[in-house]
Amino acid sequence: MEVRIDPLDIDTLAQASVEARPIDRIEAVYMTGRDISEAMYETYMLSSSAYSGWLDGELVCVWGVCAYAPMEGIGVPWLVATEKLEDAAVPFLRRCWYYLNKMKAEYDLLYNMVYAENDTAIQWLTWMGFEMQAAAPYGPMGKSFIPFKWSRGDV
């Protein structure tokens, strides 16, 4: 298996919005009230870094971190996956640490929310060491989201 990580570009972002898993599409609408392509474009434009992950030439996921409050050291990590993520889980997880550590070096606090029914994302976030908090209603539709965070002070 050939795994490749590239800087995210606008064409790959568009591809990811078309190939996104159904749960990621639902999460985008429930979180923002907009379709995934609009939500992803805004997120991409606010990102201080963003990447695409490939397995044997097929797009697996896109991710990055938004500079929410860079002067205060707060970043918002995000990830959107395609159905190919299941095939690439092990090689992808092996490379996650490097990119998570890059985010941790840039920010003192990483914080976001995940849709409470996005089980794969919740498992990945837990495995990556994010602290999961109690689910609460969020977004324009009041759906259940789980806040997660990593803080330099928690290490």
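Residues Pro77 and Phe148 form a side-chain contact, since some pair of their non-hydrogen atoms from C-beta on lies under 4.5 Å apart. Between Tyr51 and Lys102, some side-chain heavy-atom pair lies under the 4.5 Å cut-off. Counting heavy atoms from C-beta on, the side chains of Ser144 and Glu117 never come closer than 4.5 Å. No side-chain heavy atom of Leu100 sits less than 4.5 Å from a side-chain heavy atom of Trp150. No side-chain heavy atom of Tyr115 sits under 4.5 Å from any side-chain heavy atom of Met31.
Following chains of ILVMFWY side-chain contacts shorter than 4.5 Å, one cannot reach Tyr30 starting from Ile122, and the two form parts of different hydrophobic clusters. With hydrophobic clusters built from ILVMFWY side chains whose heavy atoms lie under 4.5 angstrom apart, Leu79 does not share a cluster with Leu46. Using a 4.5 Å cut-off between side-chain heavy atoms of Ile, Leu, Val, Met, Phe, Trp and Tyr, with links allowed through other members, Leu109 and Leu125 fall into different hydrophobic clusters. Placement of Ile23 and Val114 in two distinct hydrophobic clusters is found when ILVMFWY residues are connected by side-chain heavy-atom separations under 4.5 Å, directly or transitively. Trp54 and Val62 fall within the same hydrophobic cluster, defined by Ile, Leu, Val, Met, Phe, Trp and Tyr side-chain heavy atoms under 4.5 Å apart, directly or through other members.
Arg21 contributes no side-chain N or O that, together with a main-chain N or O of Lys84, makes up a donor-acceptor pair within less than 3.5 Å. Within the 3.5 Å criterion, the main-chain N or O of Leu59 finds a donor-acceptor partner in the side chain of Thr82. For Arg152 (side chain) and Tyr107 (main-chain N/O), a donor-acceptor pair under 3.5 Å exists by modelled atom type. Within the 3.5 Å criterion, the main-chain N or O of Val80 finds no donor-acceptor partner in the side chain of Asp24. The closest donor-acceptor contact from the side chain of Thr43 to the backbone of Ala39 lies under 3.5 Å.
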Tell me which donor-acceptor pairs under 3.5 Å the side chains of residues 63-73 have, and how far apart each pair is, sequence neighbours excluded?
none

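Annotation: the span from Gln133 atom CD to Tyr111 atom OH amounts to 6.0 Å, rounded to 0.5 Å. Atoms CG and SG, on Leu85 and Cys61 in that order, are 6.0 Å from each other to the nearest 0.5 Å. Here Asp35 contributes atom CG and Met40 contributes atom CE; the two are 10.5 Å apart, rounded to the nearest 0.5 Å. One distance of note links CG of Leu13 with CG of Asp11; it measures 9.5 Å at 0.5 Å rounding. Interatomic distance, Tyr99 OH to Ser49 OG, rounded to the nearest 0.5 Å: 10.0 Å. Here Thr32 contributes atom OG1 and Glu42 contributes atom CD; the two are 8.0 Å apart, rounded to the nearest 0.5 Å.
Of all heavy-atom pairs between Ser47 and Trp78, the closest is OG-NE1, 3.0 Å. Looking at every heavy atom in both residues, Ser48 comes nearest to Glu106 through OG-OE2, 3.1 Å. Across every non-hydrogen atom of Pro7 and Ser52, the tightest pair is O-OG, 4.1 Å.
Residues satisfying the salt bridge (Lys or Arg N to Asp or Glu O under 4.0 Å) criterion with Asp6, sequence neighbours excluded, are Arg4. Partners of Gln15 according to the side-chain hydrogen bond (donor to acceptor under 3.5 Å, both in side chains) rule, which considers only residues two or more places apart in sequence or in another chain, are Glu19.
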Report task. Could you check Asn112 against Phe130 for side chain to side chain contact (heavy atoms under 4.5 Å, CB included), going step by step and ending with a plain yes or no? Result -> CA-CA 10 Å; Asn112 203 344; Phe130 283 95; over 6 Å; no
